[in-house]
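Working notes, structure below.
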Number of protein chains: 2
Amino acid sequence: MSRKLNIGQAAAASGVSAKMIRHYESIGLIANPPRTEAGYRLYGDKEVHVLRFIRHARNLGFSVKQLAELLGLWMDEHRPSSKVKALAERHIDELQQKIQELQLMKAELERLVHCCHGDHRPDCPILEQLAQ
Amino acid sequence: MSRKLNIGQAAAASGVSAKMIRHYESIGLIANPPRTEAGYRLYGDKEVHVLRFIRHARNLGFSVKQLAELLGLWMDEHRPSSKVKALAERHIDELQQKIQELQLMKAELERLVHCCHGDHRPDCPILEQLAQ
DNA sequence: GTTGACCTTCCCATGATGGAAAGGTTTAGG
DNA sequence: CCTAAACCTTTCCATCATGGGAAGGTCAAC
């Protein structure tokens with residue numbers, strides 16, 4: 001009883017914008033869906049399921065490239081879960097590296113901000129440090 | 001005694017790539033430098049100083065837009081340091097928000113990874129969670 | 001039967017950075 | 001003095017994920 005949805009309805013049902021659905025199709029991440037006679041894309045439950053999977057992975061910060069791998073593993077009945085785990089661990093490492101970068105920036109900025117009076121006078125250790 | 005540098009030398013002296021120096025010029029972040037008869041850009045100590053300032057600010061994660069503000073304040077003899085401090089604090093907040101986002105992703109991923117056996121079998125809580 | 005809300009494709013923009021092509025200049029070595 | 005290497009110039013294209021908008025076709029409701 002799963003009647004087909006057009007792209008707007010599929011977007012609403014999956015949380016992926018229509019714009020991005022078309023984009024994912026154009027880069028080959030998802031299959032070309034069937035069309036109506038007028039050319040409207042039609043999505044069934046299965047396609048919406050894939051789109052939701054994509055949204056969840058994107059929410060966890062996976063790149064589209066990693067997404068392609070994840071989708072491949074998801075579709076593969078014979079995947080070893082070790083591959084999925086390794087992929088996720090690689091991503092965790094990337095996230096950690098990014099977090100650390102940002103934390104270093106933040107710590108340095110906080111140090112500078114604590115040194116700055118922040119009043120009407122022009123003297124400012126922040127600018128001085130940037131100018132070195 | 002500050003002889004003029006061409007763009008490659010200015011890049012080496014400031015740590016900003018020649019490519020980016022031209023880019024900053026094209027978007028109006030820095031002034032158009034004088035040129036030789038052949039059209040080569042020429043940079044003096046002052047310009048290199050500005051470029052170093054830019055690099056330091058970029059290293060702290062300031063956007064080019066914020067950079068324009070920072071440069072304006074740096075040049076302004078009558079700036080109130082409160083403005084610089086406010087700008088920096090705004091940036092700290094942005095960094096913190098980004099850090100938190102990434103930390104949430106990482107925490108969720110770690111939770112999933114800990115549930116996954118990571119062996120030759122296909123069963124994988126990570127994929128199951130993504131598929132929901 | 002018209003209007004509004006969809007859909008289609010195509011092009012452009014973001015932000016910071018790099019690559020490469022096609023052509024001119026300068027410099028060092030022979 | 002000539003040539004080759006190492007510069008410089010501009011212009012275009014690419015990244016990555018996303019959105020905006022235009023121009024035009026379609027569908028549903030009143």
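Lettering of chains follows the sequences in order, A, B, ..., and the numbering in each one begins at 1. Hydrogens, waters and symmetry mates are skipped; everything else that's a heavy atom, side chains included, is used.
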Phosphate oxygens OP1/OP2 of dA16(C): is one of them under 4.0 Å from a side-chain N or O of Arg55(B)? no

Looking at Arg22(B), I'd like to know whether one of its side-chain N or O atoms comes within less than 4.0 Å of OP1 or OP2 on dA16(C). no

Glu25(A) CD - dT9(C) P separation (whole Å): 7 Å

Starting from P on dA16(C), measure out to CD1 on Ile54(B) and report it in whole angstrom. 12 Å

side-chain contact (heavy atoms from CB on, under 4.5 Å) evaluation trace for Phe53(A) with Leu127(B): CA-CA 9 Å; Phe53(A) 182 98; Leu127(B) 292 179; 3.8 Å; yes

Contact list (N/O, under 3.5 angstrom) for nucleotides 18-22 of chain C vs protein:
from	atom 1	to	atom 2	distance (Å)
dG18(C)	OP2	Ser17(B)	OG	3.1
dG19(C)	N7	Lys19(B)	NZ	3.1
dG19(C)	O6	Lys19(B)	NZ	2.7
dA20(C)	N6	Lys19(B)	NZ	2.7

Pairs touching residues 85-97 of chain B that satisfy salt bridge (charged side-chain N to carboxylate O under 4.0 Å, His left out), sequence neighbours left out: Glu69(B)-Arg90(B)

Return the set of residues passing ring pair (Phe, Tyr, Trp, His ring centres under 6.0 Å) with [X] (not counting sequence neighbours), or none when no residue passes.
{"X": "Phe62(B)", "result": "His91(B)"}
{"X": "Tyr40(B)", "result": "none"}
{"X": "Tyr24(B)", "result": "none"}

Heavy atoms within less than 4.0 Å of DNA chain C: which residues of residues 62-72 of chain B have one? Give them sorted by number. Ser63(B), Val64(B)

What are the bounds, 5' to 3', of the part of DNA chain D that sits under 4.0 Å from heavy atoms of chain A? dA17(D) to dC27(D)

Is Leu42(A) reachable from Ile30(A) through a run of hydrophobic residues whose side-chain heavy atoms are each under 4.5 Å from the next? no

Check nucleotides 23-26 of chain C against the protein and report each pair of N or O atoms closer than 3.5 Å, with its distance, or say if there are none.
from	atom 1	to	atom 2	distance (Å)
dG24(C)	N2	Tyr40(B)	OH	2.7
dT25(C)	O4'	Tyr40(B)	OH	3.2

Can you list every pair that meets side-chain hydrogen bond (donor to acceptor under 3.5 Å, both in side chains) and has a residue in residues 25-38 of chain A, with sequence neighbours left out? Glu25(A)-Arg41(A)

Mind jotting down which residue pairs meet the side-chain hydrogen bond (donor to acceptor under 3.5 Å, both in side chains) criterion with at least one end in residues 50-59 of chain A? Sequence neighbours excluded, please. none

For Gln100(B), enumerate each residue passing the side-chain hydrogen bond (donor to acceptor under 3.5 Å, both in side chains) test, keeping only those at least two apart in sequence or located in another chain. none

Identify every side-chain donor-acceptor pair in residues 112-121 of chain A under 3.5 Å, counting partners at least two apart or on other chains, and give the distances.
from	atom 1	to	atom 2	distance (Å)
His114(A)	ND1	Glu110(A)	O	3.1
Asp119(A)	OD1	Arg121(A)	N	2.9
Asp119(A)	OD1	Ser81(B)	OG	3.2
Asp119(A)	OD2	Arg121(A)	NE	2.9
Asp119(A)	OD2	Arg121(A)	NH2	2.5

Determine, step by step, whether Leu70(B) and Ile54(B) satisfy the side-chain contact (heavy atoms from CB on, under 4.5 Å) criterion, reporting the C-alpha distance in whole Å, the side-chain angles of both residues, the deciding distance to 0.1 Å, and the verdict. CA-CA 9 Å; Leu70(B) 275 174; Ile54(B) 289 175; over 6 Å; no

For Lys4(A) and Gln9(A), the nearest pair of non-hydrogen atoms, with its separation, is O-OE1, 4.5 Å

What I'd like to find out is whether the side chain of Ile126(B) reaches to under 4.5 Å of the side chain of Leu87(A), using heavy atoms alone. no

